[in-house]
Protein chains: 2
Amino acid sequence: MSTRSRILRLSRYKNAAIRLKSLNFVKVFSDNLGDATGVTASQVRKDFSIFGISGNRRGGYQVDELLVQLNKVLGKDKPQKFIVVGVGNLGRALINYPGFGKSEIRIVAGFDIDPAKYNRKADAPILPIDELAGFAKANEVELAIIAVPDFAAQGVFEKLIKAGIKGVLNFAPIRLKSDDNVTVHNLNLETEFENLIYFVNTKTSPTE
Amino acid sequence: MSTRSRILRLSRYKNAAIRLKSLNFVKVFSDNLGDATGVTASQVRKDFSIFGISGNRRGGYQVDELLVQLNKVLGKDKPQKFIVVGVGNLGRALINYPGFGKSEIRIVAGFDIDPAKYNRKADAPILPIDELAGFAKANEVELAIIAVPDFAAQGVFEKLIKAGIKGVLNFAPIRLKSDDNVTVHNLNLETEFENLIYFVNTKTSPTE
DNA sequence: TTTATTTTGTGATTTTATTCACGAAAAAAC
DNA sequence: GTTTTTTCGTGAATAAAATCACAAAATAAA
């Protein structure tokens with residue numbers, strides 16, 4: 001019913017609604033949201049109907065109310081605390097990512113094994129990985145990002161489970177062996193690049 | 001036939017095969033690859049069959065040959081040059097991302113409007129955005145990454161089209177209006193975070 | 001050899017996702 | 001107040017994707 005791709009679309013509708021609101025839209029139609037996100041109007045309405053999000057016949061959806069409802073479904077009605085494990089290139093970028101500023105996503109700490117990276121004074125402190133479990137429990141953090149190399153990922157993941165983490169966004173290119181109490185989503189940048197390469201190459205070459 | 005998610009799976013099979021090879025596997029079975037990537041064995045075989053990748057009945061797939069074939073399908077048999085527009089947090093992380101090191105993905109330059117970021121001496125130089133078209137043509141770059149804020153993304157995209165770019169990986173949270181000669185793939189980090197939040201929250205709360 | 005076992009490759013089937021199409025509600029026009 | 005127009009909400013129809021299931025090939029065992 002509520003699949004991964006359906007929820008991804010809800011996020012996009014939300015982003016589109018935010019943009020339209022900033023353009024002073026008071027109401028939006030399923031057709032507008034479809035245009036802004038690249039799906040059909042009936043897909044938008046079907047997605048909404050599955051989550052009980054309703055508008056007004058002929059009147060569309062009130063933007064403000066729509067945003068409240070979408071944020072509620074997406075769990076953005078309250079702050080969501082994340083920790084990042086692996087303060088390399090990508091980890092650091094996520095910790096400092098300004099795009100989360102307006103959103104309810106809060107990155108509250110980073111963890112690494114390299115003492116050169118520790119920084120207890122920062123807004124989001126960088127701490128030794130041994131302190132992970134203590135920190136997570138003390139601060140009631142349930143969400144984590146794995147941004148370590150592939151060979152370290154499974155070990156980190158097991159530490160996260162012990163620390164009571166319930167959801168993991170994994171940037172390492174391996175499938176993590178998980179017990180069922182932890183939700184794992186994988187996101188691999190190389191894979192995304194390869195995907196683009198494939199579609200560009202096959203469009204260009206007339207031999208396929 | 002060859003959809004986005006099918007190609008994403010091929011990339012994962014390739015990553016799994018690389019890992020199994022490093023464990024001295026000489027041949028792999030569809031079952032192995034399924035385990036390593038979280039799909040069924042018959043999905044693996046169906047995906048392969050669509051791209052004419054074949055193995056040996058009872059003998060599985062020779063890892064080396066499989067990698068050659070997967071890399072060929074994925075366009076990884078030759079270097080793929082990318083430029084990055086927007087040298088903020090994320091752009092910088094991508095430029096320095098070590099995960100691309102072994103792969104054929106090459107990030108050859110970054111572009112920004114902020115003179116403080118320019119650096120012509122670096123391995124992947126950071127240049128003013130006005131030089132984008134010239135650079136892309138001189139270096140035969142056809143692939144680009146948009147890592148600028150949402151309000152700047154459409155403008156950057158139009159510059160990329162004029163520069164002859166054929167494929168764009170867009171990290172800005174908007175849908176780019178594209179002519180059909182350019183392939184655009186969107187990847188939004190906030191959206192990925194929200195997706196995880198949703199599934200963690202709905203698993204935890206017994207009300208759904 | 002012959003028989004048993006394993007694993008691929010793929011058509012048939014099932015499941016899931018998307019689109020269609022139209023009645024119902026609400027507003028606007030007449 | 002009646003008609004027309006617009007847009008939602010959703011069951012029905014279609015399309016797409018994943019799984020099943022089994023014949024065929026290849027190897028190993030007897």
Side-chain angles (χ1 to χ4, degrees), chain A residues 1-14 16-17 20 25-70 73 175 186 195 198-199 202, chain B residues 1-14 16-17 20 25-70 73 175 186 195 198-199 202:
Chain A
M1 255 316 173
S2 54
T3 61
R4 190 170 147 62
S5 51
R6 175 162 280 130
I7 305 301
L8 287 172
R9 285 198 300 272
L10 288 190
S11 290
R12 289 199 222 106
Y13 303 150
K14 187 211 63 188
L20 294 171
F25 278 49
V26 174
K27 61 186 180 187
V28 290
F29 303 123
S30 56
D31 197 61
N32 301 144
L33 293 170
D35 276 353
T37 57
V39 304
T40 63
S42 83
Q43 177 87 82
V44 175
R45 296 200 301 276
K46 175 76 66 169
D47 287 339
F48 284 179
S49 105
I50 280 163
F51 291 97
I53 295 174
S54 61
N56 317 300
R57 289 174 203 236
R58 193 176 180 136
Y61 304 83
Q62 296 294 119
V63 178
D64 282 327
E65 205 207 323
L66 179 63
L67 281 170
V68 170
Q69 298 207 68
L70 285 171
V73 171
R175 186 162 95 102
N186 299 293
N195 205 256
Y198 172 84
F199 284 100
T202 53
Chain B
M1 255 315 174
S2 54
T3 60
R4 190 171 147 63
S5 52
R6 176 161 280 130
I7 305 300
L8 287 171
R9 285 198 301 270
L10 288 191
S11 290
R12 289 199 222 107
Y13 303 151
K14 187 211 63 187
L20 294 171
F25 278 49
V26 174
K27 61 186 180 186
V28 290
F29 303 123
S30 56
D31 197 60
N32 301 145
L33 293 170
D35 276 353
T37 57
V39 305
T40 63
S42 84
Q43 176 87 82
V44 175
R45 296 200 300 277
K46 173 79 58 166
D47 286 338
F48 284 179
S49 105
I50 280 163
F51 291 98
I53 295 174
S54 61
N56 317 300
R57 286 173 206 239
R58 194 178 180 136
Y61 304 84
Q62 295 293 118
V63 178
D64 282 326
E65 206 208 322
L66 179 62
L67 280 170
V68 170
Q69 298 208 66
L70 285 171
V73 171
R175 185 162 97 101
N186 298 295
N195 205 255
Y198 172 85
F199 284 101
T202 52

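First the proteins, then the strands, lettered A, B, ... as listed; each starts at 1. This structure is a prediction, so every number in the text was calculated from the model and none was measured.
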Query - Counterpart residues, side-chain contact (heavy atoms from CB on, under 4.5 Å), relative to B:Ser5 (two or more places apart) - result: B:Thr3, B:Arg9
Requested in this report: Not counting sequence neighbours, which residues clear side-chain hydrogen bond (donor to acceptor under 3.5 Å, both in side chains) with A:Asn32? List them please.
Outcome: none
Query raised in the report: What residues form a side-chain hydrogen bond (donor to acceptor under 3.5 Å, both in side chains) with A:Arg4, not counting sequence neighbours?
Result: A:His185, B:Glu192, B:Asn195
Short heteroatom pairs, N/O only, protein and nucleotides 12-15 of chain D, under 3.5 Å:
none

Query - Contact under 4.0 Å: B:Arg45 side-chain N or O vs D:dT19 OP1/OP2 - result: no
Query raised in the report: A:Glu65: what forms a side-chain contact (heavy atoms from CB on, under 4.5 Å) with it, not counting sequence neighbours?
Result: A:Gln62, A:Gln69
Query raised in the report: Can you tell me if the side-chain N/O atoms of A:Arg6 get under 4.0 Å from OP1 or OP2 in C:dT16?
Result: no
Query raised in the report: How long is the line joining CG of A:Asp47 and P of C:dT16, in whole Å?
Result: 17 Å
Report task. Identify, with sequence neighbours excluded, every residue that meets side-chain hydrogen bond (donor to acceptor under 3.5 Å, both in side chains) alongside A:Arg175. Result -> none
Report task. Tell me yes or no: between the side chains of A:Tyr198 and B:Ser11, is some donor less than 3.5 Å from an acceptor? Result -> no
**Report entry** Atom-pair distance (CZ on B:Arg4; P on D:dA18), nearest Å
**Finding:** 13 Å
Query - Of residues 25-39 of chain B, the positions that come close to DNA chain C - non-hydrogen atoms, cut-off under 4.0 Å - result: B:Phe29, B:Ser30
Query raised in the report: Atom CD of B:Gln69 to atom P of C:dT8: distance rounded to whole Å?
Result: 14 Å
**Report entry** Qualifying salt bridge (Lys or Arg N to Asp or Glu O under 4.0 Å) pairs with a residue from residues 25-39 of chain B, counting only residues at least two apart or across chains
**Finding:** none
**Report entry** Under 4.0 angstrom between A:Gln43 side-chain N/O and C:dT19 OP1 or OP2
**Finding:** yes
Query raised in the report: Who pairs with A:Ala16 by side-chain contact (heavy atoms from CB on, under 4.5 Å), at least two apart in sequence or on another chain?
Result: A:Arg19, A:Leu33, A:Ala36, A:Thr37
Query raised in the report: Per the end-axis method with five pairs at each terminus, what is the bend angle of the helix from C:dT1-D:dA30 to C:dC30-D:dG1, to 10°?
Result: 0°
Query raised in the report: Using a cut-off of less than 4.0 Å, is there contact between a side-chain N or O of A:Thr40 and OP1 or OP2 of C:dT19?
Result: yes
**Report entry** Of residues 54-62 of chain A, the positions that come close to DNA chain D - non-hydrogen atoms, cut-off under 4.0 Å
**Finding:** A:Ser54, A:Gly55, A:Asn56, A:Arg57, A:Arg58, A:Gly60, A:Tyr61
Requested in this report: Just jot down the side-chain contact (heavy atoms from CB on, under 4.5 Å) partners of B:Arg45, sequence neighbours excluded, or say none.
Outcome: B:Ser30, B:Ala41, B:Ser42, B:Tyr61
